Amino acid sequence: MLVVTWNVNSLRARLPRALEFLELHRPDVVCLQETKCAPEQFPVAELADAGYSAEHHSGGRWAGVALLARDGLSLTDPAFGLPGEPAADEARWVEASVSGLRVISTYVPNGRTLESPEFPRKLRFLEAAADRVAELKAGDATVLLSGDFNVAPADADVYDPEQFVESTHVTAEERSRLAAIGLVDAYRHLHPDTQQFTWWDYRGGNFHKGLGLRIDLALISESLVPRLAHVGIDRNFRKGQKPSDHAPLLIELRAE
DNA sequence: ATGACCGCTCTAAGCGGA
């Protein structure tokens, strides 16, 4: 089973690349972030034509998350929003059950700067995520929490840690709350010593200079770890015509 | 080189992103 997480930076602007991606990889489940759609703008028909159903949490011009499932799989018991999140209208969390997994697509707030009121709200969002995962674990769910966490888990996930001193995405406050979610970082589990990124600033030719961050993660229950076959980043979708500034992360799970 | 993006939209000499 192939699961993908991808911050598309506007699904409307990215629809050609998203459809290209679905046709190429034929993933079973896709977690999308930053869809930037009003509810009525979400491209349900275009995705259905490509062979995918969707559950989307759409908040308008910013944020927005969605889950897609290939025809033949069904997304059941969807839930929209994260209990206890600081701003419920921002559309940053969507859950559904598929193939025995509780799959979540999340877009954690950016935080802007350490002095900004957005920074403590980012920390609160991460705490609410940990609470929700604990609740799901208590209900014996197998959890696959994927998305753009806007946190680089370690200095190895940052092209130049010195440049990020006094910046968001790398602080001990953010990293400790990410760790407290209590799931396994699938990419890092299979690639303990590799430095690879999922996001590169559009500015300054950063992608071509290799200046990025690993902030898009798939966090999985311990019980899923034995099923991890491959985890990789498709950098080709950070290239070419109108790319997102994030590359998709692909997670291949063996059958049970 | 003290430069360099992109997608939104109250279409901006602006905002937000990371």
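Small disclaimer: the values here were computed from a predicted structure and weren't measured. Proteins get letters first, then strands, A, B, ... in listed order; numbering begins at 1 in each.
One side chain, A/Trp199 or A/Asp245, offers a donor N or O that lies under 3.5 Å from an acceptor on the other.
For B/dC6, neither phosphate oxygen OP1 nor OP2 lies less than 4.0 angstrom from any side-chain nitrogen or oxygen of A/Arg14.
For the pair A/Asp131 and A/Arg124, the salt-bridge criterion is not met [side-chain N within less than 4.0 Å of a carboxylate O]. We find that A/Arg17 and A/Glu20 are joined by a salt bridge, their nearest charged nitrogen and carboxylate oxygen being less than 4.0 Å apart. Classification of A/Asp185 and A/Arg214 as a salt-bridged pair holds, one side-chain N sitting under 4.0 Å from a carboxylate O.
Straight-line distance between the C1' atoms of B/dA18 and B/dA13: roughly 24 Å, to the nearest whole Å. Here the separation of B/dT9 from B/dG14, taken at their C1' atoms, is 10 Å to the nearest Å. Straight-line distance between the P atoms of B/dC10 and B/dC6: roughly 22 Å, to the nearest whole Å. Across B/dG7 and B/dA12, the matching C1' atoms stand 14 Å from one another, rounded to whole Å.
Note on residues 201-212 of chain A: pairs passing side-chain hydrogen bond (donor to acceptor under 3.5 Å, both in side chains), not counting sequence neighbours, are A/Asn9-A/Tyr202, A/Asp201-A/Arg203. For the ring-ring contact (aromatic ring centres under 6.0 Å, His included) condition, the pairs that include at least one residue of residues 15-49 of chain A, sequence neighbours left out, are A/Trp6-A/Phe21, A/Phe21-A/His25, A/Phe21-A/Phe237, A/Phe42-A/His56. Listed by first and then second residue, the ring-ring contact (aromatic ring centres under 6.0 Å, His included) pairs involving residues 95-152 of chain A amount to none (not counting sequence neighbours).
Atom-to-atom, CH2 of A/Trp200 to C1' of B/dC6 comes out at 16 Å; the value is rounded to the nearest Å. The separation between A/Leu211 atom CG and B/dA4 atom P is 16 Å, rounded to whole Å.
Panel note: side chain A/Thr35, backbone A/Leu11; no donor-acceptor pair is recorded below 3.5 Å.
Stem regions for DNA chain B, each three or more consecutive Watson-Crick or G-U pairs with both distances under 3.5 Å and listed by first number, read B:5-8 with B:14-17.
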Base-contact (B) and sugar-phosphate-only (S) positions in nucleotides 10-18 of chain B, heavy-atom cut-off under 4.0 Å, - elsewhere:
S----BSBB

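Nearest-nucleotide mapping onto DNA chain B: of A/Lys209 and A/Ser10, the residue sitting toward the 5' end is A/Lys209.
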Can you give the donor-acceptor pairs under 3.5 Å from side chains of residues 72-89 of chain A to other protein atoms, not counting sequence neighbours?
from: A/Thr76; atom 1: OG1; to: A/Ser97; atom 2: O; distance (Å): 3.3
from: A/Glu85; atom 1: OE2; to: A/Leu82; atom 2: N; distance (Å): 2.8

